Visitor: 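Here you go, one structure.
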Amino acid sequence: RWVENIIKWMEMVGVTVIRHKPKFIDKIGRGFHKGNGLANNIYSTLYDDYYSVVNAFLRIDIPILGFLDDYVLYTDIDVYFAGDITLSDFGIKPNLFAIGFDDYESKDIMNIGVTLYNIQGMRRTYNDFVEMAFSEAHIQTGFYYGSNEGVLYDGALNLMYIRTTGTDTYDINIIDPIIFNWRPYWSLPQNRKTSIVHFHGPSALDYMNHFTNPTNDNPIYKEMFDNCDKIDISESCQLWVNKWIKLHSKLELGFAVVK
């Protein structure tokens, strides 16, 4: 019921809510249960919850939802919009999609939490992508796509477009994430200019818990919390967490009023 309450609130404040059931929903269920049997949660905490796995794959259907725009910006739910962002901020118009690299030491590894999609380009490859992602072989591995590719949507995207071993090659844009996929555990960008901060991994509430009681930290986030505690980064980390908490408090108040 809490999900319906949130949806009701979103609609009341002007958000367009698209209710959509993907054609591969039954395959997600089979792969989810198989993945739990194979202990795939060592690769991702999303395996702890069925609906989190569904949510991970839902973005596959963005190209077929009827958008008339040439480009659509997708973000995970764990982001903070620190400013306006437009297509020109990306500096490119991708043929398929543009994403930021995962960190500044591994610029060949992507982070899909914020993605700029070319709707027509992704629509052209949609059927092949779905067929590959939900093949019987990949259902039987619980959506484990390989040691280099990863699991769930990340793994499928990697296998299909980034590390393809077939005859098709794809022009993928992995670019500097400074403007659209910044992390709280990175040092502040110059003049603190960024438009989207992505709480990749631990949520803002996880950070708040870390600040007050680090003995309760989830060990899977140790590296990120360690970065957050560094002298040259702690200011940045606390800045973005505090901004998110302040906004969250305002939204909670508004949600309580309209609910």
Side-chain angles (χ1 to χ4, degrees), residues 16 18 20 22-24 28 44 46 52-104 106-135 138 143 145-146 148-183 194-201:
T16 299
I18 300 175
H20 174 71
K23 65 182 181 181
F24 43 78
I28 292 178
S44 172
L46 294 181
S52 294
V53 173
V54 173
N55 290 339
F57 280 115
L58 274 178
R59 74 195 84 177
I60 289 179
D61 275 0
I62 287 176
I64 65 165
L65 293 180
F67 291 112
L68 300 179
D69 308 83
D70 292 328
Y71 300 94
V72 167
L73 178 64
Y74 164 87
T75 76
D76 282 350
I77 195 172
D78 56 346
V79 300
Y80 173 82
F81 280 83
D84 293 334
I85 188 166
T86 65
L87 180 61
S88 62
D89 290 320
F90 288 84
I92 58 169
K93 292 182 178 180
N95 292 326
L96 289 169
F97 56 87
I99 48 180
F101 45 75
D102 198 47
D103 63 62
Y104 281 86
S106 304
K107 295 184 179 181
D108 60 332
I109 300 176
M110 64 182 184
N111 181 280
I112 64 170
V114 182
T115 307
L116 178 66
Y117 287 108
N118 180 318
I119 294 300
Q120 292 296 331
M122 294 302 289
R123 191 175 294 154
R124 285 193 295 269
T125 59
Y126 172 81
N127 288 331
D128 290 340
F129 188 21
V130 170
E131 182 179 357
M132 182 280 299
F134 300 104
S135 68
H138 289 134
F143 304 130
Y145 296 94
N148 291 323
E149 291 77 13
V151 297
L152 301 176
Y153 178 78
D154 303 52
L157 198 75
N158 249 322
L159 184 60
M160 177 72 182
Y161 298 105
I162 309 297
R163 304 179 186 276
T164 179
T165 56
T167 56
D168 294 328
T169 57
Y170 299 100
D171 182 18
I172 303 303
N173 301 101
I174 303 179
I175 59 179
D176 191 326
I178 186 171
I179 194 68
F180 68 96
N181 196 348
W182 196 253
R183 311 297 157 66
T194 187
S195 291
I196 301 176
V197 179
H198 181 199
F199 290 89
H200 176 53

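The basis for the numbers below is simple: all heavy atoms, side chains too, and nothing from hydrogens, waters or symmetry mates. FYI, the numbering just counts along the sequence from 1. In this text, all values refer to a predicted model and were calculated from it rather than measured experimentally.
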Visitor: Are any non-hydrogen side-chain atoms of Asp128 and Met160 less than 4.5 angstrom apart?
Guide: yes

Visitor: I want to check something: taking the side chain as every heavy atom from C-beta on, are Ile112 and Phe97 in contact at a cut-off of under 4.5 Å?
Guide: no

Visitor: Of all the heavy-atom pairs spanning Phe67 and Ile62, show the shortest one and how long it is.
Guide: CD1-O, 3.5 Å

Visitor: Once rounded to the nearest 0.5 Å, what's the spacing between atom CE of Met132 and atom CG of Leu159?
Guide: 4.5 Å

Visitor: Are Asn55 and Leu46 close enough that some pair of their side-chain heavy atoms sits under 4.5 Å apart?
Guide: no

Visitor: Hey, is the main chain of Ile178 close enough, under 3.5 Å, to the side chain of Asp176 for a donor-acceptor pair?
Guide: yes

Visitor: Would Phe134 and Lys23 count as a side chain to side chain contact (heavy atoms under 4.5 Å, CB included) here? Give the steps.
Guide: CA-CA 11 Å; Phe134 300 104; Lys23 65 182 181 181; over 6 Å; no

Visitor: Walk me through whether Arg59 and Asp76 qualify under side chain to side chain contact (heavy atoms under 4.5 Å, CB included).
Guide: CA-CA 10 Å; Arg59 74 195 84 177; Asp76 282 350; 3.8 Å; yes

Visitor: Would you say the side chain of Pro177 lies within less than 4.5 Å of the side chain of Val114, judging by non-hydrogen atoms?
Guide: no

Visitor: In Å and rounded to the nearest 0.5 Å, what is the CD1 to CG distance from Ile99 to Leu157?
Guide: 6.5 Å

Visitor: Look at the side chain of Asn118 and the backbone N and O of Gln120, then say whether any donor-acceptor pair between them is shorter than 3.5 Å.
Guide: yes

Visitor: How far apart are the closest heavy atoms of Met110 and Asp102, and which atoms are they?
Guide: O-CB, 3.9 Å

Visitor: Any chance you could lay out the ring-ring contact (aromatic ring centres under 6.0 Å, His included) test for Phe143 and Tyr153, step after step, and finish with the verdict?
Guide: CA-CA 8 Å; Phe143 304 130; Tyr153 178 78; over 10 Å; no

Visitor: Would you say Ile18 has more than 12 foreign heavy atoms packed within less than 6.0 Å of its CD1?
Guide: yes

Visitor: Should the ring pair His198 and His200 be called parallel, tilted or perpendicular, given that the plane angle runs from 0 to 90° and is split at 30 and 60?
Guide: tilted

Visitor: Mind checking the CG-CD1 spacing from Leu87 to Ile92? Nearest 0.5 Å is all I need.
Guide: 9.0 Å

Visitor: Begin from the C-alpha positions of Asp69 and Ile119 and carry the test side chain to side chain contact (heavy atoms under 4.5 Å, CB included) through to its verdict.
Guide: CA-CA 7 Å; Asp69 308 83; Ile119 294 300; 5.5 Å; no

Visitor: For Asp89 and Asp84, work out which heavy atoms get closest and say how close.
Guide: OD2-O, 4.1 Å

Visitor: Minimum heavy-atom separation for Ile175 and Phe90, please, with both atom names.
Guide: CD1-O, 3.9 Å

Visitor: Check whether any side-chain heavy atom of Asn181 sits under 4.5 Å from a side-chain heavy atom of Phe101, and report yes or no.
Guide: no

Visitor: Mind listing the closest non-hydrogen atom pair of Ile196 and Ile85 along with its distance?
Guide: CD1-CD1, 4.2 Å

Visitor: In Å, rounded to the nearest 0.5 Å, how long is the span from CD1 of Ile64 to OH of Tyr126?
Guide: 3.5 Å

Visitor: Would you find a donor on one side and an acceptor on the other, under 3.5 Å apart, between the side chain of Asn173 and the backbone of Ala98?
Guide: no

Visitor: Please give me the minimum heavy-atom distance between Gly113 and Tyr74, naming the atom from each residue.
Guide: O-CE2, 3.7 Å

Visitor: Taking Ser195 for the side chain and Phe180 for the main chain, is one N or O donor matched with an acceptor at less than 3.5 Å?
Guide: no

Visitor: Anything under 30° is parallel, anything over 60° is perpendicular, the rest tilted; go ahead and classify His138 against Tyr145.
Guide: tilted

Visitor: Distance from Met122 atom CE to Asp61 atom CG, nearest 0.5 Å?
Guide: 11.0 Å

Visitor: Apply side chain to side chain contact (heavy atoms under 4.5 Å, CB included) to residues Asn158 and Asn148 and explain how you reach the verdict.
Guide: CA-CA 8 Å; Asn158 249 322; Asn148 291 323; over 6 Å; no

